[in-house]
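What follows is a set of notes on a single structure, which appears directly below.
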Amino acid sequence: MEVQQFYYDNKIVKNFLYATMLWGIVGMSVGLLLAIMFMFPNITDGISWLSFGRLRPLHTNAVIFAFVGNAIFAGVYYSSQRLLKARMFSDVLSKINFWGWQAIIVAAAITLPLGYTTSKEYAELEWPIDIAIAIIWVAFGVNLIGTILKRRQRHMYVAIWFYLGTFVTVAVLHIFNSLALPVGALKSYSVYAGVQDALVQWWYGHNAVAFFLTTPFLGLMYYFVPKAANRPVYSYKLSIVHFWSLIFIYIWAGPHHLLYSSLPDWAQNLGVAFSIMLIAPSWGGMINGLLTLRGAWDKVRTDPTLKFMVVAITGYGMATFEGPLLSLKNVNAIAHFSDWIIAHVHVGALAWNGFLTFGMIYWMVPKLTKNRLYSKGLANFHFWIGTLGIILYALPMYVAGFTQALMWKEFNPDGNLAYGNFVETITQIMPMYWMRAIGGSLYIVGACVMIYNVVLTIKSGSTIEDELAEAAALSRVSKKRTAGETFHTWLERKPVQLTILATIAILIGGIVQIVPTILVKSNIPTITSVKPYTPLELEGRDLYIREGCIGCHSQMVRPFRSEVARYGEYSKAGEFVYDHPFLWGSKRTGPDLLRVGGKYTDSWHFKHLYAPQSIEEKSIMPAYAWLTRNKHDRSNIKDKMQVMASLGVPYSETDIANAEKSIEEQATGIVDRLKEDPDLKRSFEENKAAGGDSYIPMKDREIVALIAYLQRLGTDIKVKETGEELTNK
């Protein structure tokens, strides 16, 4: 038997490990700043690119795609080479993968704070960056599949199945959810509208969690936990069931993010049914991971690497039990839009993704440097302070979520809302926000301790170099199944067939849910009174997107007595047919805005945006004073309307030709009404006399367009007057 010598590429693993640690601190630090903003909303003092709405997507993208993404690549590149007994297919593709991914992260770090965003959760990056993501992801996939094809190991281990499933599914999700028509270099509109856009987005959004934050990490669990424990995987058969059932069922569960929304009931119910089924494969995987440690519990007590991994797997089990629980309609009715969801998400992110990444780093760095970990004591300190950080983060958010839900739904004996002013809820949960910030701080301290420990380990160890290995050359694999060989055993040495079957498994759910919603018109009934936005309102909507208002405000009134009493008539599918993209939101830090149009005067909106605390002293909304200073660039309004017309919005050629005139007339009307307010009139005159313009309500300012959009919301259909005022947060 011919034995071949080759080298594992450790340098690419090193690069991704360093990037993981760097971006981890950056992403977590932005998250901590956002947590602090709940207590001190104007801490960034009106700096537009440091506002909450712009930093929130930066935080989510940094921790998901920069921190977790680099950790995935580090773990996959390390484990794949050893499982397949081969160097990566192409060093060039490895470098393109690394540097291309870092360039994408830098592009996100620049564009998101500047307000270039699609507003679609976990998919906020604009179209040129989306194209770059697709290219780099394909480069990674080609490199992985090429390595599989030249492997020296006959059968592909379970971790490789999960890597292949991740590559295929993320590519499909990203491409279909990101379909958009460009308006300019960094502006586009989703090709989907309203309900259809919401379904496609949460088909992507839920499965970004499933196939970026879960399946690759399950593959890493199946490799690194047995390695760290020096034990075989508990059950090979269970791993087969885990893989196929998980990738088939997961893809159906997206609609559980849209329960009680305007999405057709049949799609909602499908999402609920498959979400409940997810418990079985998810817990099967958790059990397989934990029982792999049978006989190694003495080592778990002393080895910090295994401690991190045990808590990570436990966090995975908790999150994947709670996810199906939250998909039950009666539970979702309470939890949705509240901080309960924030707690749920961070149990998965901090425990499952964060702690498994830390465990991988503590295991890989000594191997790569041929050295012992500098300090096991520091690693143990990191484990305990990180665990305490998770607890102090999650538990207060659960309490905050329960408190919000109960207060939002409570009525007095006379039939009126017990807490009609939204800010009462915020005031009640402020101590929980303080606790969250403390928990997040402890978690970051632990990560910094890890970096210190790792740096000293690297300094005292050998230089990280390519590693010599040898393995027997793999003879040509027979295409036929041998006697006594099961179908799956045969499939494990057929990467092309396995990939095709995995692709079919993940496509079925998406096709069944999305195609009818898009093609069957009866799923989205039309409302004749719903008209396209005027040019100024369209511009205002883009500003709403730019400032990240969707991060705190929903535009979806659910058919509950409490929501109808607080916000107005519940949402109808036909109201959103011209919304590219949809803006339903997923969190209510502030009240729902779907019916805000006409509830307040233009001057109220002006004051509220300029200085929220002047309207409500206890508001935690940051000031948007720059909207009063910035002149609004409306030069591409015709291009925007042309793109919208291409997407089916009924703008006529006359509408487009008269766009500037329409803007002028509507803006003039708003400014005239603003000048009628005594306070604004006095400020206008004082600033004019002083030669300033920071507070002058001029018709070319951004705030005028945003006011136009806010005043339009919910006015297309007749709504029942509730007598309730929509108070700011």
Side-chain angles (χ1 to χ4, degrees), residues 10 13-14 16-17 20-21 24 68 71-72 74-76 78-79 82-83 157-159 217-235 239 285-318 347 350-391 442-443 445-462 464 467:
N10 285 343
V13 178
K14 173 191 72 175
F16 277 117
L17 278 176
T20 300
M21 292 184 283
V68 173
I72 290 170
V76 169
Y78 183 90
S79 61
R82 287 152 180 83
L83 289 171
Y157 180 64
V158 57
F217 269 71
L218 288 169
L220 297 174
M221 177 195 79
Y222 275 115
Y223 178 81
F224 285 100
V225 171
K227 283 289 186 181
N230 196 27
R231 302 282 300 174
V233 169
Y234 170 68
S235 172
S239 69
M286 177 194 69
I287 290 168
N288 214 6
L290 289 177
L291 290 184
T292 297
L293 298 171
R294 288 191 318 165
W297 291 111
D298 286 340
K299 190 175 182 182
V300 172
R301 285 196 292 270
T302 58
D303 187 347
T305 299
L306 282 175
K307 289 179 184 175
F308 277 106
M309 292 180 177
V310 167
V311 171
I313 298 169
T314 305
Y316 169 65
M318 292 170 62
V347 166
L350 299 177
W352 169 234
N353 297 117
F355 266 36
L356 191 61
T357 296
F358 298 150
M360 282 168 39
I361 291 172
Y362 280 124
W363 192 84
M364 278 194 287
V365 169
K367 298 289 182 185
L368 292 172
T369 58
K370 300 178 179 64
N371 190 19
R372 283 186 167 187
L373 185 65
Y374 171 73
S375 172
K376 188 179 285 188
L378 284 177
N380 277 312
F381 173 78
H382 176 198
F383 170 77
W384 288 113
I385 198 172
T387 302
L388 181 61
I390 295 171
I391 293 169
L442 294 178
Y443 195 87
V445 167
C448 291
V449 169
M450 177 196 69
I451 291 175
Y452 174 77
N453 206 357
V454 165
V455 167
L456 292 183
T457 302
I458 293 171
K459 278 189 173 182
S460 62
S462 302
I464 298 176
E467 181 181 338

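Only this structure's heavy atoms are used, side chains among them; waters, hydrogens and symmetry mates stay out.
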Do you know the tightest heavy-atom contact between [X] and [Y]?
X      : Y      : value
Val311 : Ala351 : O-CB, 4.3 Å
Thr369 : Val365 : OG1-O, 2.8 Å
Asn380 : Lys307 : OD1-NZ, 2.9 Å
Ala296 : Arg231 : CB-CG, 4.0 Å
Ser79  : Leu220 : OG-CD2, 4.5 Å

Can you list everything that forms a side chain to side chain contact (heavy atoms under 4.5 Å, CB included) with [X]? Sequence neighbours excluded, please.
X      : value
Ile451 : Met21, Ile25, Val455
Asp303 : Lys299, Thr305, Leu306
Asn288 : Tyr222, Val233, Tyr234, Ser235, Leu238, Ser239
Arg372 : none

Checklist line | Geometric class of the Phe383/Phe355 ring pair [parallel <30°, tilted 30-60°, perpendicular >60°] | finding: tilted

Residue pair [X] / [Y], side-chain heavy-atom distance below 4.5 Å:
X      : Y      : result
Lys14  : Asn10  : no
Leu456 : Leu378 : no
Leu368 : Val13  : yes
Leu218 : Trp352 : yes
Tyr78  : Tyr223 : yes
Tyr316 : Met221 : no

Notebook entry, point to check: Would you call Glu467 and Arg82 a salt bridge, taking side-chain N to carboxylate O under 4.0 Å as the test?
Noted result: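 A salt bridge links Glu467 with Arg82.
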
Checklist line | Pairs touching residues 446-462 that satisfy side chain to side chain donor-acceptor pair (under 3.5 Å), sequence neighbours left out | finding: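 The answer is Asn371-Ser460.
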
Next item on the list: For residues 355-364, pull every pair meeting side chain to side chain donor-acceptor pair (under 3.5 Å), keeping only residues two or more places apart or in separate chains.
Entry: Tyr362-His382

Next item on the list: Mind checking the CD1-OG1 spacing from Ile287 to Thr292? Nearest 0.5 Å is all I need.
Entry: 11.5 Å

Note to self: Rounded to the nearest 0.5 Å, what separates atom NZ in Lys227 from atom CE in Met360?
What the structure shows: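 The NZ atom of Lys227 sits 14.5 Å away from the CE atom of Met360.
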
Note to self: For Trp384, is the CH2 atom crowded, meaning more than 12 foreign heavy atoms sit under 6.0 Å from it?
What the structure shows: no

Notebook entry, point to check: In terms of heavy-atom contacts, does OH of Tyr157 have more than 12 from other residues, nucleotides or ligands at under 6.0 Å?
Noted result: yes

Next item on the list: Determine, stepwise, if the pair Val68 / Phe217 fulfils side-chain contact (heavy atoms from CB on, under 4.5 Å).
Entry: CA-CA 9 Å; Val68 173; Phe217 269 71; 3.3 Å; yes

